[in-house]
*Asks:* 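Just dropping this structure here.
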Amino acid sequence: SAFLLNRSSDLKPFYQTNLPKVAMRLEEAYFKDSHTIPILKAKGKIASGFIQAYPPGIPQVIPGEIISQDIINLWQESGNSPDILVDVVS
C-alpha cells in the first residue's frame, strides 16, 4: 500500500543485513568443549550451538560463527527474551 511505501524508511529489517564472521568450521565448533552464557554477554564469543528464534526458526548464528553486537541487537529488537542462554566455545 502507499501508506507502507511512504513509511518504509522507518521500518527496520527483521533479518540480518550482515552475515556473522566465521571463526571455525561448524562441526569443529559443535563438538568442542562449550559452556552456556546469557546472550547479552556473548559478544565476541564463538557459538557452539545454533541461535534461532521461533518463528520463523531460521538460525541467526550457526556453530563456528562469532556472536556480534549486531546479532545481540537483532535478537532484542525482534522481541526475543534477553534472558536466553547460548552455548559458546570454551
Side-chain angles (χ1 to χ4, degrees):
S1 78
F3 177 73
L4 287 177
L5 291 176
N6 291 336
R7 296 193 61 221
S8 63
S9 64
D10 295 335
L11 299 176
K12 287 188 175 187
F14 62 91
Y15 54 87
Q16 290 170 224
T17 54
N18 297 313
L19 294 176
K21 292 183 180 172
V22 177
M24 62 180 65
R25 294 183 357 205
L26 182 148
E27 61 273 10
E28 183 183 359
Y30 187 80
F31 290 110
K32 274 206 173 277
D33 289 337
S34 64
H35 60 281
T36 304
I37 61 173
I39 194 167
L40 297 181
K41 295 184 178 183
K43 179 182 174 185
K45 305 287 186 190
I46 300 170
S48 67
F50 293 88
I51 300 175
Q52 57 198 21
Y54 290 98
I58 300 168
Q60 293 173 310
V61 175
I62 64 171
E65 293 180 337
I66 298 172
I67 302 167
S68 67
Q69 188 62 50
D70 288 341
I71 295 294
I72 296 168
N73 293 345
L74 176 64
W75 183 264
Q76 291 184 289
E77 290 168 4
S78 299
N80 297 300
S81 172
D83 299 324
I84 189 78
L85 299 175
V86 296
D87 294 324
V88 296
V89 172
S90 293

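Quick caveat: nothing in here was measured; it's all calculated off a predicted structure.
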*Asks:* For the CZ atom of Arg25 and the NZ atom of Lys32, what is their distance to the nearest 0.5 Å?
*Replies:* 11.0 Å
*Asks:* Please check if Leu40 and Trp75 belong to a single hydrophobic cluster, counting links between Ile, Leu, Val, Met, Phe, Trp and Tyr side chain heavy atoms closer than 4.5 Å.
*Replies:*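 Yes, same cluster.
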*Asks:* Is there a side-chain contact between Pro63 and Leu26 (heavy atoms, below 4.5 Å)?
*Replies:* yes
*Asks:* Can you name the residues that form a side-chain hydrogen bond (donor to acceptor under 3.5 Å, both in side chains) with Gln52, not counting sequence neighbours?
*Replies:*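 Expected list: Tyr54.
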*Asks:* Please give me the minimum heavy-atom distance between Val86 and Ala42, naming the atom from each residue.
*Replies:* CG2-CB, 3.9 Å
*Asks:* Not counting sequence neighbours, list each pair that qualifies as a salt bridge (charged side-chain N to carboxylate O under 4.0 Å, His left out) and has a residue in residues 33-58.
*Replies:* none
*Asks:* If hydrophobic clusters are built from ILVMFWY residues whose side chains come within less than 4.5 Å, do Ile58 and Phe50 share one?
*Replies:*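 Different clusters: Ile58 never reaches Phe50 through Ile, Leu, Val, Met, Phe, Trp or Tyr contacts under 4.5 Å.
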*Asks:* State the NZ-CD1 distance between Lys21 and Ile46, to the nearest 0.5 angstrom.
*Replies:*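 With rounding to 0.5 Å, NZ (Lys21) is 13.0 Å from CD1 (Ile46).
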*Asks:* Testing Ile37, Ile51, Thr36 one by one against Asp87 for a side chain to side chain contact (heavy atoms under 4.5 Å, CB included), which residue passes?
*Replies:* Thr36
*Asks:* Are Tyr30 and Val89 linked, directly or through other ILVMFWY residues, by side chains that come within less than 4.5 angstrom of each other?
*Replies:*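 Result: no, two separate clusters.
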*Asks:* Name the one of Val61, Ile72, Asn80 that satisfies side chain to side chain contact (heavy atoms under 4.5 Å, CB included) with Ile39?
*Replies:*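 Result: among Val61, Ile72, Asn80, Ile72 is the only option passing the side chain to side chain contact (heavy atoms under 4.5 Å, CB included) with Ile39.
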*Asks:* Taking the side chain as everything from C-beta on, heavy atoms only, tell me whether Pro38 gets closer than 4.5 Å to Leu85.
*Replies:* yes
*Asks:* How close do Ala47 and Ala29 get, heavy atom to heavy atom, and via which atoms?
*Replies:*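 Closest pair (atom of Ala47, atom of Ala29, distance): O-CB, 3.6 Å.
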